[in-house]
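One structure is given here, and the rest of the page talks about it.
Atom set for the values below is all heavy atoms of this structure, side chains included, hydrogens, waters and symmetry mates excluded. Quantities reported herein were computed from a predicted structural model and do not represent experimental measurements.
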Amino acid sequence: MEFELPSRSALEIPPIDYRQELNDEQFAAVTAEPGPLLILAGAGSGKTRTLTYRVAYLLEQGVPEKEILLLTFTNKAAKEMLGRVEELTGVESRRFWGGTFHSIGHRLLRLHGESIDMPRNFTILDASEAEALVKQAVESVEPTFLKNKTHPKPGPLSAIISMARNTMTNVERAVLDYFPQHHDFIEQVERFAKAYETLKREQKVVDYDDLLALWLKLIESVPEVASYYQERFRHTLVDEYQDTNILQAKIVDAMCPSHQIMAVGDDAQCIYSWRGANFENIITFPERHPDTRILRIETNYRSSPEILTLANAVIKNRAAGHGFDKELRAFRPSNQLPCVVQAMDTREQAHFVITRIKGLLDEGRTAKEIAILYRAHYQALDIQMELSRAGIPYQITSGVRFFEQAHIKDLVAHLRLVYNPSDFTAFARIAILLPKIGEKSAQKLYNHAVDTAKQNELDFIDALSAEAVIKKVPAPAKADWESFALSLRDMKQVNESGSPDEVVQMGIDGWYSQYLQGAYANYVNRMDDLKSLVGFAARFSEMQELIAQITLLNSEVADRQIEDSDEAIRLTTVHQAKGLEYDVVFLLGLAEGLFPIRRAIEEGDTEEERRLFYVAVTRAREELYLSFPKMNTKGGPTMFLSPSRFLQELPTDLYEPVRIRRSYGW
């Protein structure tokens with residue numbers, strides 16, 4: 001078997017003054033003897049620069065580019081690094097094997113897939129195509145399964161199967177650990193997964209996860225292929241190693257038995273366990289790779305000393321054994337202390353943020369260098385409204401506007417229909433969620449319900465449960481229809497004597513929550529969004545006022561939400577903010593149950609929440625505002641909140657407490 005690539009003439013590599021270009025820590029990492037090497041690169045410390053110069057240094061030492069493998073998590077990262085290497089050395093980026101895990105896996109399978117019985121002409125399914133094939137697999141095993149709208153749909157089923165593969169566990173473990181709402185369907189999902197694998201083989205297709213799973217199979221089961229690449233890639237560099245899942249870590253270990261590997265990452269920024277990232281990969285790296293040298297890059301070029309002192313304190317308070325020792329040191333000059341802001345509730349919190357943003361803009365700050373971060377999407381509701389009312393443009397960089405989310409619009413459609421049964425648009429939005437009901441059949445059912453209500457002197461909502469109407473409902477939808485109609489009737493009855501927030505709560509407790517559980521893999525997060533509407537609805541005494549305000553606010557928010565502009569404030573979840581930085585950062589909702597989230601507290605594991613808080617803090621360059629509401633108005637009775645444990649643990653000399661005056665000045 002011959003794998004050798006065509007030879008090329010040696011390229012002249014211009015000299016690089018590494019001492020001049022790098023600080024001492026970066027220089028030590030770049031010029032380290034081939035390892036195993038674990039480079040702990042703190043936030044803002046120049047990780048990408050270190051990796052780039054490492055590749056250049058290896059070339060300068062006479063290592064052929066074909067012996068270097070660079071693994072990243074995005075094609076953009078690989079392109080940027082190799083592009084910079086080309087600028088530094090003159091070696092064309094196309095000569096390297098560099099890219100995402102999936103792209104390298106695809107390349108290897110194209111070359112050697114036949115050795116593990118993969119057809120040469122296999123094709124790759126995109127996410128929507130994979131879901132369609134999962135649907136086909138489900139219907140081949142249990143034809144009626146998907147007709148029940150409370151059962152998990154192809155999207156959540158695909159997510160379960162994918163998680164099991166990436167965490168190298170079984171379906172049962174994946175469901176119990178990541179999708180507990182579907183625990184009643186474990187045996188069925190196991191059968192669906194097997195049928196899905198069979199269909200892929202029959203159709204000569206692979207999905208995204210196969211590019212990794214089959215890569216590992218190739219290396220583990222075909223010795224001649226494994227030995228060739230293990231010998232060829234004498235230097236493997238892995239970016240963002242803390243984000244690897246078990247499957248990716250096993251691939252790296254299998255490709256690097258001689259331990260010529262440099263893994264670069266930061267255990268303190270491992271925040272993606274919910275999508276399979278395994279914190280233990282980076283922690284146990286030295287155990288799996290004997291004689292590992294651990295080098296630290298701790299000089300931070302992003303944040304002020306005051307912000308970094310607070311960030312260091314956050315991570316020092318973690319539980320024993322939950323990470324490597326590391327302390328960020330500031331390169332930038334001293335600035336003001338971070339501020340901790342106590343607000344009465346989320347509205348007062350939003351008022352403070354708006355007031356301070358206006359001051360920052362008056363001081364000459366650029367809007368795009370101001371960011372508002374939050375743990376969960378629903379926590380941005382009040383700030384979106386207040387920015388709109390204040391006429392301040394903003395850009396949401398994680399998701400869509402709160403009221404534009406599908407599940408929010410669905411629940412609002414319930415409210416509109418209960419308040420105004422003549423609102424066919426609201427009725428149709430809900431009805432088409434049921435099996436075998438489209439727009440035309442929704443119109444027919446609506447008309448029949450109207451006629452039945454008139455003939456029997458019934459309210460329209462009550463008529464939905466009438467036998468004459470149910471007879472017209474498609475058979476696959478009948479069970480859901482009865483639950484759907486009952487839920488609307490309960491909401492109507494509460495609306496007649498109760499408050500808007502009680503009606504919203506009834507809607508959440510009814511049929512729609514069952515539908516939501518089957519429709520979305522991130523059901524729990526969407527339920528949190530819906531529950532936040534209860535608190536919002538409690539601000540209104542009349543349903544018509546609530547519905548009108550939602551419509552008007554959505555319009556106002558749409559006017560102020562800008563896709564991309566230097567004149568727009570940035571709004572984002574902390575997860576989406578990783579890798580970004582801003583002059584000024586406002587972090588909202590730092591209360592127990594909000595950040596850390598209640599689920600983490602109940603499960604007794606808040607360490608990833610701590611790392612998430614650390615990531616949020618280290619996004620700020622110059623000014624950092626940490627705020628928390630004293631009262632929870634998310635839903636149900638008003639409850640007093642305690643400041644986040646992450647705030648309570650901080651020495652008080654690390655921040656300046658800010659009390660909000662009733663005029664919302666500060």
Side-chain angles (χ1 to χ4, degrees), residues 25-26 28-29 35-47 50-51 73 167 238-246 248-249 252-253 261-300 302-303 307-330 375 574-575 577-579 587 590 595-597 600-601 603-620 644-651 654:
E25 298 159 340
Q26 294 168 342
L37 295 166
L38 178 59
I39 311 300
L40 299 175
S45 64
K47 169 183 65 66
T50 301
L51 272 169
F73 275 83
T167 56
V238 187
D239 189 21
E240 301 285 11
Y241 188 79
Q242 78 281 348
D243 292 336
T244 55
N245 58 40
I246 290 178
Q248 290 163 328
V252 171
D253 291 350
I261 174 177
M262 173 185 277
V264 182
D266 183 2
D267 56 291
Q269 296 189 74
C270 181
I271 59 173
Y272 296 117
S273 68
W274 50 275
R275 66 185 190 195
N278 191 301
F279 180 71
E280 292 300 313
N281 288 347
I282 191 168
I283 297 301
T284 62
F285 183 91
E287 298 171 20
R288 301 195 323 278
H289 297 268
D291 301 320
T292 292
R293 289 181 61 199
I294 300 177
L295 301 176
R296 291 167 172 80
I297 305 177
E298 300 171 309
T299 301
N300 175 287
R302 176 186 300 154
S303 304
I307 291 172
L308 293 183
T309 301
L310 188 144
N312 287 330
V314 170
I315 216 66
K316 282 179 181 177
N317 284 319
R318 64 190 168 191
H322 280 264
F324 297 100
D325 291 335
K326 184 169 64 277
E327 184 166 344
L328 297 177
R329 295 184 299 274
R375 173 63 181 84
V574 180
H575 280 104
K578 184 175 178 292
L587 180 57
L590 282 168
F595 200 160
I597 56 172
I601 296 173
E603 293 169 3
D605 184 7
T606 58
E607 287 306 311
E608 182 156 336
E609 293 289 296
R610 178 187 303 283
R611 296 193 293 270
L612 192 61
F613 180 49
Y614 175 81
V615 167
V617 167
T618 53
R619 299 310 95 196
S644 168
R645 64 190 63 193
F646 306 139
L647 288 181
Q648 294 186 52
E649 293 167 351
L650 293 173
L654 299 188

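- In this structure, the side chains of Thr244 and Phe285 stay at 4.5 Å or more apart for every pair of heavy atoms.
- Across every non-hydrogen atom of Thr606 and Pro596, the tightest pair is CG2-CB, 4.2 Å.
- The shortest distance between side-chain heavy atoms of Leu51 and Asp239 falls below 4.5 Å.
- Of the inter-residue distances, the one linking Leu328 atom CG with Asn312 atom CG reads 5.0 Å to the nearest 0.5 angstrom.
- In this structure, the separation between CZ on Arg302 and OG on Ser45 is 8.5 Å, given to the nearest 0.5 Å.
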Note to self: What verdict does the side-chain contact (heavy atoms from CB on, under 4.5 Å) test give for Thr50 and Val264, after you've listed the backbone C-alpha separation in whole Å, the side-chain angles of each residue and the deciding distance to 0.1 Å?
What the structure shows: CA-CA 9 Å; Thr50 301; Val264 182; 5.9 Å; no
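- Residues Ile294 and Pro286 have side chains in contact (heavy-atom distance under 4.5 Å, counting atoms from C-beta outward).
- For the pair Arg318 and Tyr614, the cation does not sit on the ring face, since its NZ or CZ is not both under 6.0 Å from the ring centre and inside 45° of the axis.
- In this structure, the side chains of Leu37 and His289 stay at 4.5 Å or more apart for every pair of heavy atoms.
- With contacts defined as side-chain heavy-atom distances shorter than 4.5 Å, the pair Leu590/Phe613 qualifies.
- Among all heavy-atom pairs drawn from Val615 and Ala268, the shortest one is CG2-O, 4.4 Å.
- Of all heavy-atom pairs between Ala277 and Asp243, the closest is CB-O, 3.6 Å.
- Residues Asp266 and Lys47 have side chains not in contact (no heavy-atom distance under 4.5 Å, counting atoms from C-beta outward).
- Contact annotation: the side chain of Val252 approaches that of Ile261 to within less than 4.5 Å [non-hydrogen atoms, C-beta and beyond].
- When side chains are defined from C-beta on, Leu587 counts as touching Val574, because their heavy atoms get closer than 4.5 Å.
- Of the listed residues (Glu280, His322, Lys326, Gln242), just one forms a side-chain contact (heavy atoms from CB on, under 4.5 Å) with Asp267, and that residue is Lys326.
- Here His575 pairs with Tyr272, Trp274 under the ring-ring contact (aromatic ring centres under 6.0 Å, His included) rule; sequence neighbours left out.
- A salt bridge links Glu240 and Lys578; the closest N-O separation between the charged side-chain nitrogens and carboxylate oxygens is under 4.0 Å.
- Under the 3.5 Å distance criterion, the side-chain polar atoms of Arg610 are left unmatched by any main-chain donor or acceptor of Phe646.
- Legend: residues meeting ring-ring contact (aromatic ring centres under 6.0 Å, His included) with Phe73, ordered by chain and number and at least two apart, are Phe101.
- Using a distance-only test at 3.5 Å, with no hydrogens or angles considered, a donor-acceptor pair links the side chain of Glu608 to the main chain of Ser273.
- Ala313 and Pro651 get closest at one heavy-atom pair: CB-CD, 4.4 Å.
- Of all heavy-atom pairs between Gly323 and Ile283, the closest is CA-CD1, 3.8 Å.
- Looking at every heavy atom in both residues, Thr167 comes nearest to Ile246 through O-CD1, 3.5 Å.
- Here the CD atom belonging to Gln269 is positioned 11.5 Å from the CG atom belonging to Leu40, to the nearest 0.5 angstrom.
- Atoms CZ and CZ, on Phe279 and Arg611 in that order, are 4.5 Å from each other to the nearest 0.5 Å.
- To the nearest 0.5 angstrom, Ile39 atom CD1 is 11.0 Å from Gln26 atom CD.
- The structure places CD of Glu649 at 12.5 Å from CG of Leu654, a figure rounded to the nearest 0.5 Å.
- Salt-bridge check for Arg296 with Glu327: failed, with every basic side-chain N at 4.0 Å or more from each acidic carboxylate O.
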Next item on the list: Given side-chain contact (heavy atoms from CB on, under 4.5 Å), test Arg645 with Ile601 step by step and report yes or no.
Entry: CA-CA 11 Å; Arg645 64 190 63 193; Ile601 296 173; 3.7 Å; yes
